Engineer: 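Before we start, here is the structure in question, set down as structure tokens.
This is a predicted model, so every value here is computed, not measured. First listed ligand is number 1; within each ligand, the first listed atom is number 1.
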Amino acid sequence: MPRLLHHFAVALDRDPLGFQTEMLQQRGDGETLRQLDLLAVDGGAHRGGDILAAVDTVQLLRQVSIFAELPQETLGDLAKRVWQKQVDAGSVIVSQEEPGDQLFVIASGKVKVVLYGETGREIILSILRGGDFFGEMSPLDRQPRSANVVAVEDSALLGLDRDAFQTHLTDHPSTALAILAEMSRRLRHADEVIGNLALLDVYARVARTIRDLAQKQGEPVDGGLLIKERPTQQEIAGLIGTSRETVSRALNDFTRRGLLEMSGKQILVRWGFLRKMEDAA
Ligand code: CMP
């Protein structure tokens with residue numbers, strides 16, 4: 001466990017999201033009910049400096065790409081303005097349609113950006129990790145939150161209020177440019193997903209997801225690229241807009257054809273699979 005997490009001893013003593021609780025209860029699926037138990041995340045928010053030494057916060061901010069170029073003094077100033085928050089796996093951090101006044105930076109852990117369909121089906125827009133940020137859109141355009149953000153793992157977050165965020169952007173155009181670059185990257189990815197949804201069948205979407213994972217995380221071994229920590233079938237389904245059963249069928253089919261080897265959380269993506277993907281491109 002990262003050292004930072006030991007600094008957080010958070011008492012969750014209230015549920016500030018009463019409206020959200022009701023909205024989520026209406027969905028009634030198992031995952032949502034699990035999230036409800038953990039909803040009171042704002043009860044765990046603390047002003048910078050309460051728990052973490054300021055110097056730790058500066059070091060954390062330095063690891064976030066959008067702040068990486070800032071002078072030490074500016075980071076010190078920013079560190080004084082951030083909130084610290086520890087959230088448990090399953091907690092809803094940001095809820096779609098709620099007003100939002102904070103930008104969040106992930107110090108450690110993992111979150112997913114999700115939309116829910118009417119039946120409670122989950123569409124995963126993105127998975128974000130330590131060093132990433134989220135929640136920048138509402139403070140910038142003053143519209144309600146565009147999506148839900150849910151902790152996948154126990155996570156440590158730093159939050160920055162709208163006023164401090166905007167003042168910082170005005171004073172430091174390099175942060176504004178870095179945020180624009182990241183938002184452009186996210187829009188490109190969204191364009192690709194929309195194109196894939198419209199143009200590719202489900203098997204091709206599963207195959208692309210596996211190929212992308214292999215290219216990003218795969219280690220070359222005998223026979224192909226080894227993905228050591230694959231997402232769950234439910235997560236893959238959420239990423240490509242289909243059901244877990246369909247993903248399972250596609251993965252089993254690729255395995256039967258000798259293109260993949262699955263064992264626990266690992267997938268061996270055989271060279272033959274990658275060649276086929278190249279030929280199809
Ligand atoms: P905001 O709308 O304030 O709250 C929800 C956040 O989810 C949003 O800001 C972004 O930070 C993030 N988000 C929304 N859509 C996407 C996307 N397509 N890819 C990555 N992150 C997103």
Engineer: Quick one: does ligand 1 sit under 4.0 Å from the side chain of S138, the backbone, both or neither, non-hydrogen atoms only?
Structural biologist: both

Engineer: Do any N/O atoms on G135 end up under 3.5 angstrom from N/O atoms on ligand 1?
Structural biologist: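 Between G135 and ligand 1 (N or O atoms, distance only) the closest approach is under 3.5 Å.
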
Engineer: Does the Lys NZ or Arg CZ of R186 fall within the cation-pi geometry relative to F133 - under 6.0 Å from the ring centre and within 45° of the axis?
Structural biologist: yes

Engineer: Can you classify the ring geometry of F254 versus Y203 as parallel (below 30°), tilted (30 to 60°) or perpendicular (above 60°)?
Structural biologist: perpendicular

Engineer: Is atom NZ of K276 surrounded by more than 12 heavy atoms (other residues, nucleotides or ligands) closer than 6.0 Å?
Structural biologist: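 Counting other residues, nucleotides and ligands, NZ of K276 stays at 12 neighbours or fewer.
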
Engineer: Just going by heavy-atom distances, which of I179, V113, L125 is nearest to atom 18 (N) of ligand 1?
Structural biologist: L125

Engineer: Just jot down the ligand 1 atoms closer than 4.0 angstrom to any heavy atom of R186, in number order.
Structural biologist: 11 (O), 20 (C), 21 (N)

Engineer: Considering heavy atoms of the protein only, find what lies nearest to atom 19 (N) of ligand 1 and give residue, atom and distance to 0.1 Å.
Structural biologist: S126 CB, 3.8 Å

Engineer: As an exercise, identify every atom of ligand 1 less than 4.0 angstrom from a heavy atom of V94.
Structural biologist: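 The atoms of ligand 1 under 4.0 Å from a heavy atom of V94 are 4 (O), 5 (C).
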
Engineer: To check your reading of the model: name the closest protein heavy atom to atom 3 (O) of ligand 1, its residue, and the distance in Å.
Structural biologist: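 It is R145 NH1, 2.7 Å.
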
Engineer: Just checking, is any N or O donor in the side chain of R244 or Q234 under 3.5 Å from an acceptor N or O on the other one?
Structural biologist: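 No - no donor-acceptor pair under 3.5 Å links their side chains.
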
Engineer: Taking distance alone, with no angle check, do S146 and ligand 1 share an N/O pair under 3.5 Å?
Structural biologist: yes

Engineer: When you check the side-chain N and O atoms of T170 and T167, is any donor under 3.5 Å from an acceptor?
Structural biologist: no

Engineer: Counting heavy atoms only, which part of M137 comes closer than 4.0 Å to ligand 1: side chain, backbone, both or neither?
Structural biologist: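 The answer is both.
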
Engineer: With heavy atoms of F134 as the reference, note each atom of ligand 1 found under 4.0 Å away.
Structural biologist: 11 (O)

Engineer: Do T175 and H168 get their side chains close enough for a donor-acceptor pair, meaning under 3.5 Å?
Structural biologist: yes

Engineer: Would you say E245 has more than 12 foreign heavy atoms packed within less than 6.0 Å of its CD?
Structural biologist: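 Yes.
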
Engineer: Side chain, backbone, both or neither: which part of H189 has a heavy atom under 4.0 Å from ligand 1?
Structural biologist: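 Near ligand 1, H189 shows nothing, with every heavy atom at 4.0 Å or more.
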
Engineer: Compute the minimum heavy-atom distance from A147 to ligand 1 and say whether it is under 4.0 Å.
Structural biologist: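 A147: in contact with ligand 1 (<4.0 Å).
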
Engineer: If only side-chain N and O atoms count, and only distance matters, is there a donor-acceptor pair under 3.5 Å linking R62 with Q72?
Structural biologist: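 Yes, side-chain donor-acceptor contact under 3.5 Å.
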
Engineer: Quick check: are there more than 12 heavy atoms from other residues, nucleotides or ligands sitting under 6.0 Å from CD of E69?
Structural biologist: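 Incorrect, the count does not exceed 12.
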
Engineer: For atom 11 (O) of ligand 1, grab the closest protein heavy atom and report residue, atom and distance to one decimal in Å.
Structural biologist: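 The protein heavy atom lying closest is E136 OE1, 2.5 Å.
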
